[in-house]
Every structure is written in C-alpha cells, then in structure tokens.
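Down below is the structure, laid out as structure tokens.
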Amino acid sequence: MNEDTQNAVIRLQGVDKSYGNKRILSQFDLTIADGEFVTLLGPSGCGKTTVLRIIAGLEQLDAGDLLLQNQVITQVPAEKRHVNTVFQSYALFPHMTVYDNIAFGLRTQGLEEREIQDRITEMLGLVQLSGYEQRKPAELSGGQQQRVAIARAVVNKPKVLLLDESLSALDYKLRKQMQIELKRLQRQLGITFVFVTHDQEEALSMSDRIVVMDDGRIQQQGTPREIYESPANLFVANFIGESNRFDADIESSLGNHRYRARIESQSFEIHSKLELQPGDRVHVLLRPEDMRLKELNNGDSEAGLIGTVLERNYKGMTLDSLIELDSGKQLQISEFFDEDDPDFDHSLGQRVAITWVPSWEVVLPYEG
Ligand SMILES: Nc1ncnc2c1ncn2[C@@H]1O[C@H](COP(=O)(O)OP(=O)(O)OP(=O)(O)O)[C@@H](O)[C@H]1O
C-alpha cells in the first residue's frame with residue numbers, strides 16, 4: 001500500500017457510468033485524501049454531479065469500484081456510508097425550527113436528547129448561528145439557511161461532506177463570505193469536503209486541490225496555483241481565467257529551457273519546460289495581468305508587438321484594455337494602477353507597444 005492509498009478517504013477506480021446509451025464516465029479514477037478540500041470543476045454536463053452522486057450512493061456503477069477508507073463500499077447503501085451531502089436547494093424542513101432540522105438525523109440515530117443539545121449548540125456556534133435555535137427556515141436569510149443545511153450535514157461527523165453547487169443560490173457578496181466560512185469550518189472540523197462548482201473563481205479561492213473535468217474526463221488536477229499558472233492543455237487554460245493565445249513556431253533553442261519563437265511574424269524569446277525542436281509549433285498563452293502596455297508617440301520605434309487601444313475599462317483595481325494588433329488579432333490586457341503614475345490611463349485609438357513579464361508565458365503543445 002503506497003502513501004497515497006493509505007491517506008485516501010475516497011477512491012474511484014475504473015468507474016464506468018452511462019445513462020441509457022450515453023456514456024458519462026469511462027474508466028474514471030479519482031483519489032481524495034483524508035481532510036482535503038477538493039473541488040470538481042468543469043462546464044455544465046461534464047459529469048461532476050454524477051461523480052458526487054456515485055460517492056453519495058445515489059447512483060449505481062456500471063463497472064469499477066468505490067472505496068471509502070480502503071474498504072469497497074460500491075454496494076453499501078447511501079444511508080450506511082459516512083458521507084453526507086449539501087445540495088444547492090438546502091432542503092430544510094420548512095415547518096421545523098432550526099434546532100429540529102439539525103436534530104433530525106441525530107434523533108433517528110437514537111441519540112439522547114442531552115447529547116443532541118450539546119452537539120447542536122456546538123454546531124450553531126461553528127456556523128455562527130447561536131441563538132437562532134427556535135427560528136423557522138422562512139425567518140432566515142439565504143446565507144443563514146445555507147449554514148443550517150451545512151450544520152445539519154456535519155452534525156453527525158461524517159467522514160466526507162459532499163457539496164453540490166451549494167453556494168450558487170446566494171448573491172455575490174454572501175457567496176464570497178460563505179466561501180471563507182466554509183473553508184474555516186472545514187479546517188476546524190477536519191472533515192474531507194468534496195465541492196462541485198462550475199465557478200472557477202470559487203474553486204480557486206477555496207480548494208486545496210482542483211480536479212478540472214471535461215466530458216467525463218479529468219483534464220488536470222492540482223493546487224489552484226498549479227492549475228492557474230501551469231495549465232496542462234488549452235481546455236484548462238481557457239476554462240480557468242482569461243488568456244491571450246498565440247500560435248508560435250520554434251526557431252531555435254537557446255538552452256536552459258529558453259527558445260526563440262516566431263510570434264505574429266516577429267522573433268521573441270520564450271521559456272518552456274517542454275523539449276522543443278526548431279520547426280515545432282506551440283501555443284503561447286499570456287494572462288491579461290501578465291502583459292504590459294507602453295504608449296507610443298510619434299517618432300517612437302514601432303518594433304515588437306504594436307497595436308491600437310480599442311476599448312478601455314476602468315475596473316477599480318485595474319485598467320482593462322482591449323488592444324487590436326496590426327494583424328487584426330485582439331488582446332485583453334489588465335494593468336494594475338501604478339502609485340508613481342496617478343495619471344496612468346490610455347485613450348481610445350492610442351498606439352501602444354505590448355510586452356509581457358519575461359518567462360511568464362505558458363507554452364503548450366499545438367492542438368490545432
Ligand atoms: N438521471 C439521468 N438520466 C439521464 N441523463 C442524465 C441523468 N443525470 C445526468 N444526466 C446527464 O449526464 C451528463 C452529466 O451530468 P452531471 O449532472 O453529472 O453534469 P454536471 O457536470 O454536474 O453539470 P451541471 O454543472 O450542469 O450540474 C449530462 O449530460 C446530463 O444531462
């Protein structure tokens with residue numbers, strides 16, 4: 001048994017799942033470590049919820065195995081797994097108080113009322129709802145209802161908590177706040193959280209590890225930073241954050257992972273961990289925030305990437321510009337304001353030179 005397996009709380013091994021004749025998951029493997037906050041991220045319909053429902057015991061597998069703490073539980077019914085789920089619709093009992101909603105599962109387990117009371121007091125403290133015991137769900141805000149649903153799901157200390165788009169019904173500000181609270185709660189409880197979302201910002205800010213899925217397959221898994229800074233392919237690069245994409249031809253190797261590459265009919269130095277040969281074609285991706293603009297005035301040399309400001313958008317923290325290169329290609333550039341230059345701005349139609357932070361380009365094998 002390797003270290004990975006020992007630490008695993010959930011393992012899906014070679015899982016196949018179809019609905020009718022539509023294959024959703026094919027030989028799907030996923031390992032989730034004990035105490036991890038893992039997010040399944042991907043576009044609508046890619047199979048995230050199916051994975052969650054399989055772990056919860058709400059779907060049968062066509063092939064493969066599901067293990068909880070190294071025990072095969074493929075045939076164990078949902079209520080016997082130490083796994084709870086919080087759905088997008090909180091599914092609280094409307095006629096019951098907050099207290100009774102949280103107590104419901106504990107009572108069916110036959111716990112004594114004193115123990116139930118102690119646990120509920122502790123839980124309501126953790127989700128910052130002490131004093132709300134006698135309220136009904138209708139007397140709570142969306143965020144408070146969500147916290148009751150979470151308290152109810154963790155009060156019997158499951159090994160794993162599954163959260164399916166659990167924050168998507170909340171407004172932007174409340175969602176941000178709940179993201180921080182969920183992360184804190186997970187740390188305090190030490191329970192493994194498996195979170196499903198199609199919101200990449202939410203995934204980046206909450207997860208220890210992100211599993212990016214498309215069409216029933218894992219495209220990449222890694223820390224938020226690995227996924228953002230070193231996307232494995234074009235799908236991941238496009239799905240997470242914005243990127244400007246160039247096609248480039250390698251001209252020569254400069255050694256030490258540096259290459260000269262032809263981009264937009266000009267020669268640039270790029271950096272890549274790939275082993276590349278002259279003549280190889282690659283994609284060079286640049287994040288808008290890694291690019292820089294310099295205004296050109298009459299008489300300035302027009303070498304390098306040159307373009308015209310098509311749009312400028314003041315965003316508070318950044319000035320976002322849409323630039324059209326002379327080739328017609330358009331680029332998104334996001335610049336932070338410079339304290340030393342309070343008048344920093346661009347005017348529409350202004351000629352600009354475009355550069356980027358050296359070696360921050362992401363280079364991917366050409367996918368066509
Ligand atoms: N019970 C079902 N019967 C038939 N098809 C289903 C069923 N449940 C899901 N599907 C289909 O399986 C595919 C994967 O669905 P799933 O809910 O896992 O996707 P998802 O990534 O969670 O999407 P979303 O973000 O929209 O919830 C979709 O094409 C969906 O239409």
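FYI, side chains are in, hydrogens and waters are out, and symmetry mates aren't considered; it's all heavy atoms of this structure.
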Quick check against the 3.5 Å criterion: does [X] have a side-chain atom that pairs as donor or acceptor with the backbone of [Y]?
| X | Y | value |
| --- | --- | --- |
| Q220 | N233 | no |
| R81 | I55 | yes |
| N238 | L234 | yes |
| Q266 | G304 | yes |
| S207 | F37 | no |
| D320 | S334 | no |
| E115 | E112 | no |
| E361 | H271 | yes |

Open item on the list: For E264 and K329: C-alpha separation, side-chain torsions, deciding distance, then whether salt bridge (Lys or Arg N to Asp or Glu O under 4.0 Å) applies.
Closed with: CA-CA 9 Å; E264 292 281 309; K329 186 180 182 62; 5.1 Å; no
Could you check whether atom [atom1] of [X] has more than 12 heavy atoms from other residues, nucleotides or ligands sitting under 6.0 Å from it?
| X | atom1 | answer |
| --- | --- | --- |
| Q75 | CD | no |
| Y228 | OH | yes |
| E113 | CD | yes |
| Y132 | OH | no |
| Y19 | OH | yes |

Just verifying a value: how many Å separate [X] [atom1] and [Y] [atom2], rounded to the nearest 0.5 Å?
| X | Y | atom1 | atom2 | answer |
| --- | --- | --- | --- | --- |
| I323 | L310 | CD1 | CG | 8.0 Å |
| L25 | R217 | CG | CZ | 10.0 Å |
| I116 | N156 | CD1 | CG | 11.0 Å |
| L182 | R175 | CG | CZ | 12.5 Å |

Looking only at heavy atoms, which two atoms of [X] and [Y] are closest? And how far apart?
| X | Y | answer |
| --- | --- | --- |
| P137 | P94 | CD-O, 3.5 Å |
| S243 | R287 | OG-NH1, 3.2 Å |
| G14 | D29 | N-OD1, 2.7 Å |
| Q27 | D16 | N-OD1, 2.7 Å |
| H346 | L293 | NE2-CD1, 3.6 Å |
| P224 | A203 | CG-O, 4.5 Å |

Close side-chain approach of [X] to [Y], heavy-atom, < 4.5 Å:
| X | Y | result |
| --- | --- | --- |
| T197 | E165 | yes |
| F195 | Q179 | no |
| T50 | M213 | no |
| S347 | V309 | no |
| R292 | V357 | yes |
| D100 | R107 | yes |
| M206 | M178 | no |

Would a single hydrophobic cluster contain both [Y] and [X], if residues Ile, Leu, Val, Met, Phe, Trp and Tyr are joined by side-chain heavy-atom contacts under 4.5 Å?
| X | Y | answer |
| --- | --- | --- |
| V38 | V196 | yes |
| L68 | V15 | yes |
| Y99 | L106 | yes |

Open item on the list: Less than 4.0 angstrom from a charged side-chain N to a carboxylate O is my criterion; do E201 and K176 meet it?
Closed with: yes
Task: Partner of E36 by salt bridge (charged side-chain N to carboxylate O under 4.0 Å, His left out), out of R209, R187, K159 - done: R209
TODO: Tell me, with the steps shown, if E251 and S267 meet side chain to side chain donor-acceptor pair (under 3.5 Å).
DONE: CA-CA 8 Å; E251 295 177 320; S267 188; 2.6 Å; yes
Open item on the list: Could you tell me if T308 and R351 have a donor-acceptor pair between their side chains, going purely by distance under 3.5 Å?
Closed with: yes
Task: Any donor-acceptor N or O pair under 3.5 Å, side chains S18, R23 - done: yes
Task: Centroid separation Y366 to H283 less than 6.0 Å - done: yes
